[in-house]
Amino acid sequence: MAAPKKGRSASAQSKPGRSLALILIAIVGLTAGMFASGHTTPRLGIDLAGGTSITLEAKSDQGSAINKANMDTAVEIMNRRVNGLGVSEAEVQTQGSRNIIVNIPKGTNSEKAREQVGTTAKLYFRPVLAQEATGSAAASPSASPSGSSSASPSPSASASGTGEKATSSSSPSASATSQGRAVTDALKADSTPSASASAKADSSASPSASASGGAAVSADDAALQAKYAALDCSKESVRAKTGEGVKPEDTTVACGEIDKVWYKYLLGPAAVDGTEVDKAQAVYDTQTAAGWQVTMDFNKSGAKKFATITGQLAQNTQPQNEFGIVLDGNVVSSPYVSSSITGGQAQISGSFTQEEAQGLANMLSYGALPLSFQEQSVTTVTAALGGDQLHAGLLAGAIGLLLVVIYLVAYYRGLALIALASLLVSAALTYVLMALLGPAIGFALNLPAVCGAIVAIGITADSFIVYFERVRDEIREGRTLRPAVERAWPRARRTILVSDFVSFLAAAVLFIVTVGKVQGFAFTLGLTTVLDVVVVFFFTKPLMTLIARRKFFASGHKWSGLDPKSLGAQPPLRRTRRPGGPAAGPVETKEA
């Protein structure tokens, strides 16, 4: 009977040095990665490091009512749009009944985020009636892109009604696939803003050309012609006003940039609304050399409208066979149409970079807001108040930690060294991971996140106390330190896992159901709870196994915190004599 028990005891102790080496290697590796990435400090939230705050006011000029449902929808779309540039800590929330506040912390791509938030008008697909370069590009013929497809700096687009990828060629024509079916270059971005210089001249001379959807600019519409002729899209002040007060059914002017050259457009009434785009995403075409593409899926009504208007546009010549994808008065893309696109799917492809494709997909997916918004103010938020609060919070945390250390030393004495070493390892892992998660997932450390880290001190210390008390209970029952450490571990392990699971579950629920700064608290609490399990299993327990072999602790020194007399240890259990029975055998301690 003695041999099997002895074997189990030796097996339970395993190799503590291996576990300690593993966690130390992990700390060194993560620290090296932190320094290699160049991000040696956690990224701070807007309340600690400052940032940009944008105030947007809802307008009712799009025909939608300004109510809670539409405002909540707009907040959700803006939040996805800003965080689509993910935990990123950008905040989007309503203020009153008409305003939305967007807080973009320092350290994120605030300019890109501001552009995404600023483009808050509805998304429309409008037929192009005329277009030409403006500013210095219009005065210099050599500045205009060539008409060849191979020299195109602009995105090209292709799609098929069935969702199959179209073949790419310089002339839109049907070609047989490997299955023997004809697939047409259905939607292809114009490699130039117009087919030729002469086409541009014709367009500028007569912007009254008819759009395929039946929309036409009458010759006597002198005001619109004059506005188009005078439009200079190379000036930012002019571009900012092109979409003001324009309704979907209006013929309008707009600006668009192709290869760093600004072009002006004369656009017909909106043919398809952005709300009719179900989904858009950036994909990489691995089958051909098309590179990055943007795919669009329309809903039922949008697919029908899209098929009708593309069929009409395909009968025109350039530039009047082009589609202007207009967001907030700017043409973000202008592919041309060579045939009707049925089936509700389209594909825009060409010389996109990954960032450009994702940006266009983001606009197509999240551009269809139920309301239009006007930027009221853009302010820089200072971190002075947050810095004071952070200082007060850290001071409170330091005082709390000091009290915990005093209690551990007074009550656990020598065991306090293990607790302090474990706290330092947990703090090191937490700091390094926070620094790495900033550039990795956009995590930003705000004041609630700091509170979560301070709360984690108590959670981590609680795990040590549970284990220490289990060991002391075993010593009270008459066992020596080495078997007490191993016998106490299974019982302490169950308690620690259950406690940490409850804390992690609470953090996960809080993270899912809340938004903004509260998510920072929940994320930090969940992260430190997971690290608590790692530290207890791979550091605290192996360290306890090692110190149990040291005479200072194993002998029960009065300053070790494991003195049997101080703990009120019972004498070893003995076998009792049964009444009228034989004498008891040799004395057997409980651990034997």
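- Counting only distance, with no hydrogens or angles, the side chain of Ser426 and the backbone of Ser422 share no donor-acceptor pair below 3.5 Å.
- Remark: Ile100 CD1 to Thr55 OG1 distance equals 10.5 Å, nearest 0.5 Å.
- Remark: Ile547 CD1 to Leu415 CG distance equals 5.5 Å, nearest 0.5 Å.
- When the salt bridge (charged side-chain N to carboxylate O under 4.0 Å, His left out) test is applied to Arg470, no partner is found at least two apart in sequence or on another chain.
- When every heavy atom of Phe298 is checked against every heavy atom of Ala346, the shortest pair comes out as CE1-CB, 4.3 Å.
- With sequence neighbours excluded, the residues that form a side chain to side chain contact (heavy atoms under 4.5 Å, CB included) with Ala416 are Leu408, Val409.
- The side chain to side chain contact (heavy atoms under 4.5 Å, CB included) test applied to Phe552 returns His557, Trp559, Ser560, not counting sequence neighbours.
- Of the possible donor and acceptor atoms, none in the side chain of Ser499 sits under 3.5 Å from a partner among the backbone N and O of Thr495.
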**Q.** Criterion side-chain contact (heavy atoms from CB on, under 4.5 Å) on Asp72 and Lys68, from CA distance to verdict
**A.** CA-CA 6 Å; Asp72 289 344; Lys68 187 178 185 302; 2.7 Å; yes
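- Ser37 contributes a side-chain N or O that, together with a main-chain N or O of Met34, makes up a donor-acceptor pair within less than 3.5 Å.
- To the nearest 0.5 Å, atoms CD (Gln376) and CG (Asn99) are separated by 6.5 Å.
- Taken to the nearest 0.5 Å, the CG atom of Leu562 stands 11.0 Å off from the CZ atom of Arg413.
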Q.
Val102 vs Gln93, test: side-chain contact (heavy atoms from CB on, under 4.5 Å). Steps then yes/no.
A. CA-CA 7 Å; Val102 182; Gln93 56 190 3; over 6 Å; no
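- Pro542 and Leu20 make their closest contact through CB-CG, 3.8 Å (heavy atoms, listed as atom of the first residue, atom of the second, distance).
- Panel note: side chain Tyr467, backbone Val485; a donor-acceptor pair is recorded below 3.5 Å.
- Separation of atoms CG (Leu433) and OG1 (Thr524) is listed at 11.5 Å; rounding is to 0.5 Å.
- Using bins of under 30°, 30° to 60° and over 60° for the plane-to-plane angle, the ring pair Tyr284/Trp292 lands in the perpendicular bin.
- Shortest non-hydrogen contact noted between Ala507 and Gly526 is CB-N, 3.7 Å.
- In this structure, Arg472 forms a cation-pi arrangement with Tyr411, its terminal cationic atom sitting closer than 6.0 Å to the ring centre and no more than 45° off the ring axis.
- For the pair Phe35 and Val432, the minimum side-chain heavy-atom distance is 4.5 Å or more.
- Glu474 places no side-chain N or O within donor-acceptor distance of the main-chain N or O of Arg479, the cut-off being under 3.5 Å.
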Q) Going through the distances and angles, do Gln281 and Val294 end up as a side-chain contact (heavy atoms from CB on, under 4.5 Å)? A) CA-CA 6 Å; Gln281 58 183 349; Val294 178; over 6 Å; no
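- Within the 4.5 Å cutoff, no side-chain heavy atoms of Ile101 are placed close to those of Ile54.
- At least one side-chain heavy atom of Leu423 sits under 4.5 Å from a side-chain heavy atom of Phe464.
- Using a 4.5 Å heavy-atom threshold, the side chains of Leu429 and Val425 count as touching.
- Looking only at side-chain heavy atoms (C-beta outward), Val518 and Leu510 come within less than 4.5 Å of each other.
- Tyr412 is linked by a ring pair (Phe, Tyr, Trp, His ring centres under 6.0 Å) to Phe468, counting only residues two or more places apart in sequence or in another chain.
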Q) Run the side-chain contact (heavy atoms from CB on, under 4.5 Å) check on Arg482 and Arg549 step by step: do they pass? A) CA-CA 7 Å; Arg482 291 182 68 174; Arg549 303 172 185 175; 4.0 Å; yes
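- Across all non-hydrogen atoms, the minimal contact from Ile475 to Ala484 is CG1-CB, 4.0 Å.
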Without placing hydrogens or testing angles, list every side-chain donor-acceptor pair under 3.5 Å for residues 529-539, not counting sequence neighbours.
unit_1 : atom_1 : unit_2 : atom_2 : d
Thr529 : OG1    : Leu525 : O      : 2.7
Asp532 : OD1    : Ser463 : OG     : 3.4
Asp532 : OD2    : Ser463 : OG     : 2.7

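- Annotation: side chain of Leu445 is in contact with side chain of Met434 (closest heavy-atom distance under 4.5 Å).
- The minimum heavy-atom distance linking Ala435 with Thr40 is given by the pair CB-C, 4.3 Å.
- Distance CG/Leu447 to CZ/Phe521: 13.0 Å, rounded to 0.5 Å.
- Among all heavy-atom pairs drawn from Arg43 and Gly438, the shortest one is NE-O, 4.0 Å.
- With sequence neighbours excluded, the residues that form a side chain to side chain contact (heavy atoms under 4.5 Å, CB included) with Thr353 are Glu355, Glu356.
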